[in-house]
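These notes concern the structure reproduced below.
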Amino acid sequence: MQHIAVIGAGTMGNGIAHVFAQNGHKVNLIDISEDSLAKGLTTITKNLDRMLAKEKITKSDKTTTLNNISTFTILREGVANVDLVVEAASENLIVKLSIFKELDAICNENTILATNTSSISITQIAAATNRPQKIIGMHFMNPVPIMQLVEIIRGYSTSDETTQQIMKLSTELGKTPTEVNDYPGFVANRILMPMINEAIETLYNGVAGVSEIDTVMKLGMAHPMGPLQLADFIGLDVCLSILNVMHDGFKNPKYAPCPLLVNMVMAKKLGVKSGEGFYDYSESRKAEKVSAQF
């Protein structure tokens, strides 16, 4: 599986493209926006420069990695003759169903179609295609070049062959693939998002402040960052979307998003990417200053 297409040049997409390209794969990075592609390549270059400064790669490695990436704005051209497509577009079911239906129509019949979804049903996505046995989840963690885990999600009809190929490929990328079954939130977010939501509820109910909640979890539970800081890093809109998927999927009130989270998303206080969430990032991308509203 030498030729890979990645759909979406955002945070996850450019990270996935980076990792494949750095490991010797030819990568077609696809996005409808030229500007997004340019920003994606800039991010990859900056990340490679950091690795170069830390002597984790050589100048030659950087050049080779960037030369392995080609950009496309036309889907049909970008997925022509590839072995694997990894979709990393918006975490929106309608968008994903549309993309996979088109991919099924234009890709070679042997091409495996993977999605980086963090919560949406692989089985439901596969149902939009005529190749459900070749549909699989590859849930990379952010930041992709650093995080070791890849959650490999089998849909109801995903074949053993497809699963084994993707597990092997993930290992070759230097990642640790972990196979899970297709239920809302999979494993990572089924456990993580209720914790983040409970931290938001704790703030909402006035039990403690933002920095106090995060300090308890960092120092008391040895978490590398507190749940509210992590929510800001992930994006509060993404957290809300995942909680809604789990709430809809399980019909269990324990997954219902906190009203404070809903209001913050409506107010476009989305965390790091919007400049403000539970923390204020106007002066620094580090969670050092609690947002004025708290």
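Hydrogens, waters and symmetry mates play no part in the numbers below; they use all other heavy atoms, side chains included.
A salt bridge links Lys96 to Glu91: one of the charged nitrogens lies within less than 4.0 Å of a carboxylate oxygen. Under the 4.0 Å criterion applied to side-chain N and carboxylate O atoms, Asp104 and Lys134 are not assigned as salt-bridge partners. With respect to the salt-bridge test (charged N to carboxylate O, under 4.0 angstrom), the residues Lys62 and Asp49 qualify. The pair Asp237-Lys273 meets the salt-bridge criterion, with a side-chain N (NZ, NE, NH1 or NH2) lying under 4.0 Å from an Asp/Glu carboxylate O.
Atom CG of residue Asp232 and atom SG of residue Cys239 lie 8.5 Å apart, to the nearest 0.5 angstrom. Atom CD1 of residue Ile152 and atom CE of residue Met138 lie 5.0 Å apart, to the nearest 0.5 angstrom.
Tyr279 and Asp214 share a donor-acceptor pair across their side chains, judged by distance under 3.5 Å alone. Judged purely by distance below 3.5 Å, without hydrogens or angles, the side chains of Thr176 and Gln148 never pair a donor atom with an acceptor atom. Checking Asp182 against Thr123 by side-chain atom types alone, a donor-acceptor pair falls below 3.5 Å. Checked by atom type, the side-chain pair Ser60/Thr63 shows no donor-acceptor distance below 3.5 Å. Looking only at atom types and distance, the side chain of Thr65 has no donor-acceptor partner in the side chain of Asn68 under 3.5 Å away.
Put simply, the side chain of Thr43 gets close to the backbone of Lys39: a donor and an acceptor are under 3.5 Å apart. When atom types are taken as modelled, the side chain of Glu151 and the backbone of Val187 share a donor-acceptor pair closer than 3.5 angstrom. One N or O on the side chain of Asp83 and one on the backbone of Gln2 form a donor-acceptor pair closer than 3.5 Å.
Remark: Lys218 pairs with no residue by the salt bridge (Lys or Arg N to Asp or Glu O under 4.0 Å) rule, at least two apart or across chains.
Under the 6.0 Å cut-off for aromatic ring centres, Tyr255 and His247 do not qualify, their centroids lying 6.0 Å or more apart.
Hydrophobic clustering keeps Ile191 apart from Ile234 (ILVMFWY residues linked when any side-chain heavy atoms are closer than 4.5 Å, directly or through intermediates). Under a hydrophobic-cluster definition in which Ile, Leu, Val, Met, Phe, Trp and Tyr are linked whenever side-chain heavy atoms come within less than 4.5 Å, directly or via other members, Val245 and Val265 are assigned to different clusters.
For the side-chain contact (heavy atoms from CB on, under 4.5 Å) test with Val85, the passing option among Val6, Thr115, Leu75, Ile7 is Ile7; the others fail.
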(message) As a quick check of understanding, evaluate salt bridge (Lys or Arg N to Asp or Glu O under 4.0 Å) for Lys269 and Asp280, giving each step before the final call.
(response) CA-CA 10 Å; Lys269 305 298 185 182; Asp280 184 337; over 6 Å; no
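The number of heavy atoms from other shown groups lying within 6.0 Å of OH (Tyr183) does not exceed 12.
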